[in-house]
Amino acid sequence: MITVTTFSWVPDFARGLVRDMRVRWALEEAGRAYAETLIDFDVKDSAAYRAKQPFGQVPVYEDGALTLFESGAILHHIAQDSGALMPADAAERAQVTTWLFAALNSLEPYVQALAEIDLFYPDEAWAKARRPGAEEALRQRLAELSAVLETRDWLTAGRFTVADLLMAMVLDILRHTDMLADYPVLKAYRDRCFARPAYARALERHMAVFEREPA
Ligand SMILES: N[C@@H](CCC(=O)N[C@@H](CS)C(=O)NCC(=O)O)C(=O)O
């Protein structure tokens with residue numbers, strides 16, 4: 001049985017965004033059953049947990065003897081055996097992998113930088129000074145991604161793949177802003193991804209964890 005480890009509680013702003021959501025969504029798309037292991041924040045610093053996730057973060061993915069961390073690597077692993085997430089053609093698979101890396105390396109750092117300023121350091125002088133530059137750099141990446149998606153519904157292979165799943169989740173980190181309204185192509189793309197029944201199932205199970213705890 002596959003097991004996904006994540007936090008038993010996170011603040012309200014993080015609900016739906018914690019990176020186990022990506023893994024849950026991929027497993028739902030792939031039709032793979034899984035169990036969840038819920039941990040408190042203090043567990044992440046234990047030696048036993050660090051042996052599984054050296055940075056003390058979630059998610060961790062376990063399947064028999066296999067233990068993985070890094071949501072991108074986990075998605076890539078799940079997608080290998082899933083026609084729902086990855087095409088069969090070798091060249092198309094390589095393109096999907098390229099876009100997975102693009103989501104993680106060329107978009108997420110810019111998105112995350114802005115989110116950290118806004119959500120964790122909004123009142124710091126350094127953050128106020130940094131924000132315009134961070135937003136400008138992010139907007140350039142968003143415009144570039146928008147240009148790609150102007151003429152197609154999905155990033156590559158002419159169909160939804162695991163790369164779209166990851167890119168949509170990365171874009172969603174901006175949900176505390178109205179920035180995507182300035183990029184209607186990206187907003188429509190994210191909404192197209194989120195309209196998938198597997199996303200709804202993953203979100204329902206992700207949010208059910210927190211229903212026991214107030215925000
Ligand atoms: N690059 C990692 C990032 C994981 C990550 O940032 N996890 C957050 C939750 S979304 C976390 O565990 N935060 C607690 C911490 O960093 O101490 C991945 O994609 O799996």
Side-chain angles (χ1 to χ4, degrees), residues 2-30 32 34-63 66-80 85-86 96-121 127 134 138 141 155 161-177 190 193-194 199 202-210 213 215:
I2 293 167
T3 305
V4 177
T5 300
T6 190
F7 293 130
S8 55
W9 181 90
V10 295
D12 197 36
F13 70 79
R15 296 179 180 193
L17 286 179
V18 185
R19 282 157 176 77
D20 66 278
M21 251 309 289
R22 305 168 175 190
V23 177
R24 290 176 187 272
W25 184 4
L27 289 168
E28 292 287 352
E29 293 282 359
R32 304 290 306 274
Y34 69 96
E36 56 197 18
T37 299
L38 303 176
I39 59 164
D40 293 337
F41 264 62
D42 53 352
V43 171
K44 71 189 181 67
D45 293 324
S46 68
Y49 190 72
R50 294 272 168 161
K52 296 179 184 178
Q53 217 297 3
F55 308 107
Q57 297 185 310
V58 300
V60 166
Y61 172 100
E62 291 168 276
D63 187 7
L66 180 68
T67 300
L68 297 176
F69 62 97
E70 284 298 337
S71 60
I74 297 168
L75 293 197
H76 187 257
H77 172 76
I78 295 167
Q80 292 310 304
L85 290 167
M86 187 71 100
V96 171
T97 304
T98 297
W99 277 106
L100 275 178
F101 276 87
L104 293 171
N105 265 352
S106 297
L107 268 298
E108 190 168 45
Y110 297 88
V111 170
Q112 188 70 22
L114 196 80
E116 284 183 12
I117 287 171
D118 290 349
L119 299 173
F120 297 126
Y121 309 105
L138 170 59
R141 286 295 154 104
L155 288 172
T161 70
V162 68
D164 298 298
L165 184 162
L166 184 54
M167 192 66 86
M169 288 303 311
V170 167
L171 291 175
D172 199 40
I173 297 171
L174 292 172
R175 67 183 183 180
H176 70 286
T177 74
R190 185 205 56 189
C193 292
F194 283 3
Y199 172 81
L203 186 62
E204 186 178 9
R205 206 164 155 190
H206 171 89
M207 294 301 284
V209 170
F210 310 122
E213 294 277 354

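Nothing here was measured: the structure is a model prediction, and the numbers come from that model. Note that ligands are numbered from 1 as they come in the structure, with each ligand's atoms numbered from 1 the same way.
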Would you mind finding which of [options] brings a heavy atom closest to [atom]?
atom: atom 19 (O) of ligand 1; options: A73, A14, S71, G56; result: S71
atom: atom 3 (C) of ligand 1; options: R22, Q57, M21; result: Q57
atom: atom 10 (S) of ligand 1; options: E108, R19, M169; result: R19

Using modelled atom types and a 3.5 Å cut-off, is there a donor and acceptor pairing between side-chain atoms of [X] and backbone atoms of [Y]?
X: R141; Y: S106; answer: yes
X: D40; Y: S8; answer: no
X: Y61; Y: D20; answer: no

- Query: Which pair of heavy atoms, one from A103 and one from V170, lies closest together, and at what distance?
  - Reply: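 Nearest pair, atom of A103 first, then V170: O-CG2, 4.0 Å.
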- Query: At their closest point, which heavy atom of D12 faces which heavy atom of R175, and how far apart are they?
  - Reply: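 In this case the closest contact between D12 and R175 is O-NH2, 4.4 Å.
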- Say whether F41 and ligand 1 are in contact under the criterion: heavy-atom distance to a ligand atom below 4.0 Å.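 No heavy atom of F41 comes that close to ligand 1.
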- Query: Would you call the rings of F194 and Y199 parallel, tilted or perpendicular if under 30° counts as parallel and over 60° as perpendicular?
  - Reply: parallel
[atom]: which protein heavy atom is closest, and how many Å away?
atom: atom 17 (O) of ligand 1; value: K44 NZ, 3.0 Å
atom: atom 12 (O) of ligand 1; value: V58 N, 2.9 Å
atom: atom 2 (C) of ligand 1; value: E70 OE1, 3.3 Å

- Message: Just to be sure I read this right, does ligand 1 sit under 4.0 Å from the backbone of F69, its side chain, both, or neither, counting only heavy atoms?
- Response: neither
- Is the ring centre of F13 less than 6.0 Å from the ring centre of H176?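 For F13 and H176, the ring centres are not under 6.0 Å apart.
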- Query: Do any nitrogen or oxygen atoms of G72 lie less than 3.5 angstrom from nitrogen or oxygen atoms of ligand 1?
  - Reply: no
- In terms of atom number and element, which parts of ligand 1 are under 4.0 angstrom from non-hydrogen atoms of P59?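 Near P59, meaning under 4.0 Å from one of its heavy atoms, ligand 1 has 20 (O).
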